[in-house]
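Accompanying notes for the structure given below.
Residue numbers count from 1 along this sequence. Heavy-atom basis, side chains included; hydrogens, waters and symmetry copies ignored.
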Amino acid sequence: MLEQLNNTFAIPDHVIFQTGAGDRPVAVLQNQYGQATISIYGGHVLTYTPNGQTPVLWVSKHAKYENGIAIRGGVPIIFPWFGSHPSDSTKPSHGFARRTDWHVQHTNQHANGSTEICLALTPTEFTQSLWAHDFVLQVTVILGAKLEIAMIWQNLSDTPMSVTNALHTYFAVADSTQVTIKGLENIPYLDQLAAMQRQQSAKPIQISAEVDRIYLESAAQIEIIDPGLARTIHITKQGSQSTVVWNPWIAKSARMSDFGDLEYREMVCVEAANIDDATVTLAPNDSHETRQIISVSPLNAG
Ligand code: BG6
């Protein structure tokens with residue numbers, strides 16, 4: 001499989017396919033801007049390291065690389081439902097896209113030195129058993145001065161298709177209790193820890209307990225200010241009305257078998273999503289794109 005991937009899609013000095021964790025194939029993108037690794041399983045960005053930086057994405061040391069199980073960390077692709085299935089709780093949390101093999105569609109190098117890979121998921125027996133729709137879901141990753149990740153899906157059924165989705169990005173931080181997340185002040189959110197009560201706060205977010213919030217109509221730019229790593233992570237997005245902020249804190253970390261007891265200090269999730277009122281309903285043949293754009297600057301440099 002690796003040989004075939006390299007023969008078809010490798011680009012000298014830009015893209016190579018290697019064996020990653022769990023013996024699974026990964027695409028390694030490398031260029032003048034940095035490095036990113038993408039797992040074919042899940043269409044899942046695992047690492048992003050701009051030159052001169054430490055990794056921007058976080059992956060658990062306890063992540064499981066087994067078929068049918070999502071990888072804990074990086075950028076899981078949440079599709080076609082976010083959280084529990086709306087009517088059948090036996091179906092897997094956050095849908096199926098992060099629990100199955102995808103295929104590579106193309107790779108490219110651009111004139112500005114950036115590198116692109118596109119992966120796709122199309123219906124299989126597994127997806128049909130969970131969701132009887134015909135669709136194509138693509139993830140495009142561009143490694144340039146910023147990292148751009150886009151998930152694009154098209155309704156190939158002859159009936160309307162409703163989807164909730166997320167780019168469920170796990171960001172690496174020096175200490176989650178010391179970071180400040182700016183950009184969601186005064187935006188109403190549903191508190192998943194308080195029966196989806198609608199709340200809002202005028203203050204930037206600081207983590208001192210479990211946080212699990214769905215911010216509504218939140219198209220703003222978000223910053224994760226990390227004094228420990230002396231950097232700010234900048235996150236912008238398109239095609240996403242909701243933003244999820246999640247940190248499991250102590251008790252939930254202990255309950256998750258693929259998450260270390262103290263790892264809640266190393267990460268925070270800021271997810272570009274469409275949930276609740278922002279559910280995306282597509283007529284036959286229509287498509288929708290959710291894009292998250294990530295960059296890093298030294299602290300205080302703006
Ligand atoms: C977040 C949800 O998006 O994902 C949380 O808001 C959930 O409620 C978290 O716990 C992780 O979900 P999972 O299925 O990967 O354990």
Side-chain angles (χ1 to χ4, degrees), residues 29 31 33-36 38 43-58 74-79 82 110 112-118 138-153 164-173 179-189 200-201 204-205 211 213-226 229-247 267-275 278 280 287-302:
L29 272 48
N31 57 31
Y33 301 105
Q35 199 198 57
I38 298 104
H44 192 134
V45 181
L46 293 173
T47 68
Y48 167 45
T49 313
N51 284 341
Q53 279 291 337
T54 56
V56 174
L57 302 179
W58 176 89
V75 189
I77 300 298
I78 307 306
F79 176 95
F82 177 92
H110 296 291
N112 65 359
S114 66
T115 309
E116 173 178 323
I117 185 168
C118 176
Q138 291 171 307
V139 163
T140 300
V141 181
I142 302 174
L143 173 66
K146 301 178 178 189
L147 185 76
E148 295 197 26
I149 308 167
M151 61 182 287
I152 307 132
W153 65 96
T164 51
N165 75 302
L167 291 162
H168 191 310
T169 312
Y170 287 77
F171 289 99
V173 294
V179 301
T180 303
I181 302 168
K182 272 196 189 161
L184 295 164
E185 302 84 76
N186 299 313
I187 294 179
Y189 66 84
Q200 83 185 56
S201 163
I205 302 167
V211 177
R213 301 176 180 177
I214 300 171
Y215 284 85
L216 308 167
E217 291 176 40
S218 50
Q221 158 142 2
I222 296 168
E223 291 177 353
I224 303 174
I225 300 165
D226 185 345
L229 290 176
R231 72 182 182 190
T232 300
I233 298 175
H234 304 265
I235 308 159
T236 58
K237 59 179 187 159
Q238 293 153 12
S240 154
Q241 287 302 306
S242 326
T243 303
V244 179
V245 177
W246 179 58
N247 182 287
M267 54 65 70
V268 60
C269 284
V270 177
E271 310 169 31
N274 291 291
I275 307 170
V280 177
S287 58
H288 183 86
E289 174 177 308
T290 296
R291 183 178 292 259
Q292 196 179 42
I293 302 154
I294 301 165
S295 62
V296 178
S297 66
L299 204 52
N300 300 326

Residues Leu167, Lys237; criterion side-chain contact (heavy atoms from CB on, under 4.5 Å); working and verdict: CA-CA 10 Å; Leu167 291 162; Lys237 59 179 187 159; over 6 Å; no

Inter-residue atom distance [X].[atom1] - [Y].[atom2], 0.5 Å rounding:
| X | Y | atom1 | atom2 | result |
| --- | --- | --- | --- | --- |
| Ile149 | Thr290 | CD1 | OG1 | 12.0 Å |
| Glu185 | Ser218 | CD | OG | 12.0 Å |
| Ile225 | Thr180 | CD1 | OG1 | 5.5 Å |
| Gln53 | Ile233 | CD | CD1 | 8.5 Å |
| Asn186 | Tyr215 | CG | OH | 10.0 Å |
| Gln221 | His234 | CD | NE2 | 7.0 Å |

Step-by-step side-chain contact (heavy atoms from CB on, under 4.5 Å) determination, Val56 to Arg231: CA-CA 10 Å; Val56 174; Arg231 72 182 182 190; 4.0 Å; yes

Check side-chain contact (heavy atoms from CB on, under 4.5 Å) between [X] and all other residues, then give those that pass, not counting sequence neighbours.
| X | answer |
| --- | --- |
| Thr47 | Thr37 |
| Asn51 | none |
| Pro55 | Thr49 |

Got [X] and [Y] here, is their nearest side-chain heavy-atom distance under 4.5 Å?
| X | Y | value |
| --- | --- | --- |
| Asn165 | Ile78 | no |
| Val244 | Phe82 | yes |
| Asp226 | Phe171 | no |
| Leu147 | Ile142 | no |
| Ser240 | Gln292 | no |
| Ile222 | Leu184 | yes |

Look at the side chain of [X] and the backbone N and O of [Y], then say whether any donor-acceptor pair between them is shorter than 3.5 Å.
| X | Y | value |
| --- | --- | --- |
| Asn247 | Met267 | yes |
| Thr169 | Val75 | no |
| Asn31 | Leu143 | yes |
| Gln238 | Ala150 | no |
| Asn274 | Gln241 | yes |
| Thr243 | Ala272 | no |
| Thr115 | Leu29 | no |
| Ser242 | Ile214 | no |

Residues, nucleotides or ligands: over 12 heavy atoms within 6.0 Å of Glu217 CD: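 No - once you tally the heavy atoms of other residues, nucleotides and ligands closer than 6.0 Å, there are 12 at most.
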
Locate the shortest heavy-atom distance separating [X] from [Y]; write the atom from each residue and the value.
| X | Y | answer |
| --- | --- | --- |
| Pro204 | Lys182 | CB-CG, 3.9 Å |
| Gln200 | Ile187 | CB-O, 3.7 Å |
| Ile77 | Gly43 | CG1-O, 3.5 Å |

Test log, rule side-chain contact (heavy atoms from CB on, under 4.5 Å), inputs Tyr189 and Val245: CA-CA 10 Å; Tyr189 66 84; Val245 177; over 6 Å; no

Parallel, tilted or perpendicular, as decided by the 30° and 60° cut-offs, for the rings of His288 and Trp153: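 Rings of Trp153 and His288: tilted, as their planes differ by 30° to 60°.
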
Plane angle bin for Trp246 and His168 - parallel if under 30°, tilted between 30 and 60°, otherwise perpendicular: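 Judged by the thresholds at 30° and 60°, the geometry between His168 and Trp246 is perpendicular.
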
Residues Leu57, Tyr170; criterion side-chain contact (heavy atoms from CB on, under 4.5 Å); working and verdict: CA-CA 6 Å; Leu57 302 179; Tyr170 287 77; 6.0 Å; no

Distance-only side-chain donor-acceptor flag, Lys146 / Thr236, under 3.5 Å: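 No.
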
